[in-house]
Amino acid sequence: MNQRKYSVFLGNVGSCSDRYCGAYGRPYSIEELFQRAATVPHLTGVDLVLTPDLVDGFPTVRRMLDATGLNPVSLAVDHFAQAKWKQGSFSSPDPAIRRSAVDDTKRAMDLAAEIGCNLVTIWPGQDGYDYIFQADYEQERTWFADGIREACRHNREIRIALEYKAREPRNRCYLNNTAAAVLILEEIGEASCGAALDYGHVLLGYESPAEAVAILHKYGNRLFHVHINDNYRLWDDDMIAGSVHTLEYLEFFHWLRRTGYEGWMTIDQYPYREDGRDAVAESAEWLHALEGIMDHADSAEIDEVLKRKDAVAASRLMRRLLFRGETP
């Protein structure tokens, strides 16, 4: 049986805002969020977004990690939700802003070390452009790589995972797909720097989640972290895991196992209208059930089907996986 390591972004068990409503539920304190996360079945970790409020409340974070026994899985640096990042963080044309991006990352690495966390996640959502003739595509990528490289060298014991996404909040993001992530990681050239694969971001980019795992493994074994959710491929909906792309999840788990991924799977969803704790619990149950299916799967048989490249055999395999061999 595969070892399951499930986490959640702390705020996801609370109330989330969309473009039109600040929140459909009441606000929760840091203590309450930890208490809610601790009641989710199969969940043993939390990821934390270093918003100014969370940084100010970091003594409470330390206390609640001890009180709940939840593992600190990653610290995500806020390079996206502050006005200063409006023209990018590591790729900003303003050198003072680029310096701030690096310094904020180093501070996050120091905080991670303090709580026994070895991973910092960076989602450079503001690093990109919106209009034609707006950006210097080469120079800004160079600045980006230089800044990440400097941060890596601050403490190579703390790994940095770069999360990629096709668009939003910029119309076009520089770190926009799996191949772009591989290229920028090659330029950065630091073994402590890898990729954070968000299942929904891969879908949004019209990529195959399983193939993304394979690519990141083939070109440098660069998969450091996984974010879990679901969507209809039209937008980053951050829905309950497995609720839309159930079959693709099975192939995804097969390739995580085949490539030896031993990291965490962090639930990253935005239950706007649902109770946050209950929606996250449903994702955890889906993950547990889908991985249970793969626990009973014959990996050698799957690999044999892949070698044959036979679509009918692949369909037959999917039915057997879903129905545990009970259908002919």
Side-chain angles (χ1 to χ4, degrees), residues 4-18 28 33-34 36-37 40 42-51 54 70-81 108 117 119-125 160-169 173 175 178 181 194-205 207 209 212-213 216 223-233 235-245 248-249 252-253 256 261 263-288 290-291:
R4 294 173 173 84
K5 295 165 65 175
Y6 301 150
S7 176
V8 67
F9 275 102
L10 184 64
N12 291 172
V13 298
S15 298
C16 303
S17 62
D18 63 19
Y28 293 90
L33 291 172
F34 268 99
R36 284 164 68 82
V40 176
H42 317 300
L43 204 72
T44 54
V46 287
D47 290 53
L48 304 167
V49 180
L50 290 177
T51 60
L54 195 73
L70 292 168
N71 294 286
V73 174
S74 84
L75 296 187
V77 194
D78 178 11
H79 288 124
F80 47 86
C117 174
L119 182 67
V120 163
T121 304
I122 293 174
W123 172 50
I160 292 178
L162 303 181
E163 182 178 357
Y164 56 97
K165 183 178 181 180
R167 60 183 182 276
E168 193 203 18
C173 295
L175 222 63
T178 308
L197 185 161
D198 183 297
Y199 193 91
H201 293 183
V202 172
L203 294 175
L204 176 65
E207 297 184 89
V213 171
L216 290 170
L223 182 56
F224 281 11
H225 200 31
V226 171
H227 292 171
I228 292 294
N229 47 67
D230 217 330
N231 64 49
Y232 290 107
R233 292 190 187 271
W235 198 252
D236 187 27
D237 302 306
D238 283 327
M239 297 165 66
I240 292 170
S243 59
V244 182
H245 290 91
E248 285 183 83
Y249 259 107
F252 181 69
F253 286 137
L256 286 177
Y261 179 73
W264 290 79
M265 281 185 279
T266 294
I267 297 168
D268 180 7
Q269 67 185 73
Y270 280 76
Y272 302 114
R273 295 164 183 81
E274 299 75 34
D275 178 86
R277 182 265 169 207
D278 293 346
V280 167
E282 189 61 21
S283 278
E285 294 289 7
W286 266 105
L287 295 174
H288 187 70
L290 292 169
E291 288 219 79

From the options L197, V226, T178, V202, select the one residue that forms a side-chain contact (heavy atoms from CB on, under 4.5 Å) with V213.
L197

Checking the side chain of [X] only, and the main-chain atoms of [Y] only, is there a donor and an acceptor separated by less than 3.5 Å?
X	Y	value
S283	A241	yes
D278	V280	no
N12	Q269	yes
R36	L10	no
Y199	Y249	yes
H79	G125	no

Is there a side-chain contact between [X] and [Y], using heavy atoms and a 4.5 Å cut-off?
X	Y	value
H227	H201	no
I267	W286	no
Y164	E207	yes
L203	E248	yes
R167	D236	no
V244	D237	no
L256	M265	yes

Heavy-atom pair with the smallest gap, counting every atom of [X] and [Y]:
X	Y	answer
A37	L70	CB-CD1, 4.1 Å
A108	V77	CB-CG2, 3.6 Å
L175	P124	CD2-CG, 4.0 Å
V40	A281	CG1-CA, 3.6 Å
L216	A195	CD2-CB, 3.9 Å
H225	T121	CD2-OG1, 3.9 Å

I need the [X] [atom1] to [Y] [atom2] distance, nearest 0.5 Å.
X	Y	atom1	atom2	value
W123	D198	CH2	CG	9.5 Å
L287	H42	CG	NE2	9.0 Å
Y232	H245	OH	NE2	9.5 Å
M239	N231	CE	CG	8.0 Å
C173	E163	SG	CD	10.5 Å
I160	I122	CD1	CD1	4.5 Å

H288 ring center near Y6 ring center (under 6.0 Å)
no

Only one of D47, D268, N71 passes side chain to side chain donor-acceptor pair (under 3.5 Å) with S7; say which it is.
D47

Is the number of heavy atoms from other residues, nucleotides or ligands under 6.0 Å of Y272 OH greater than 12?
yes

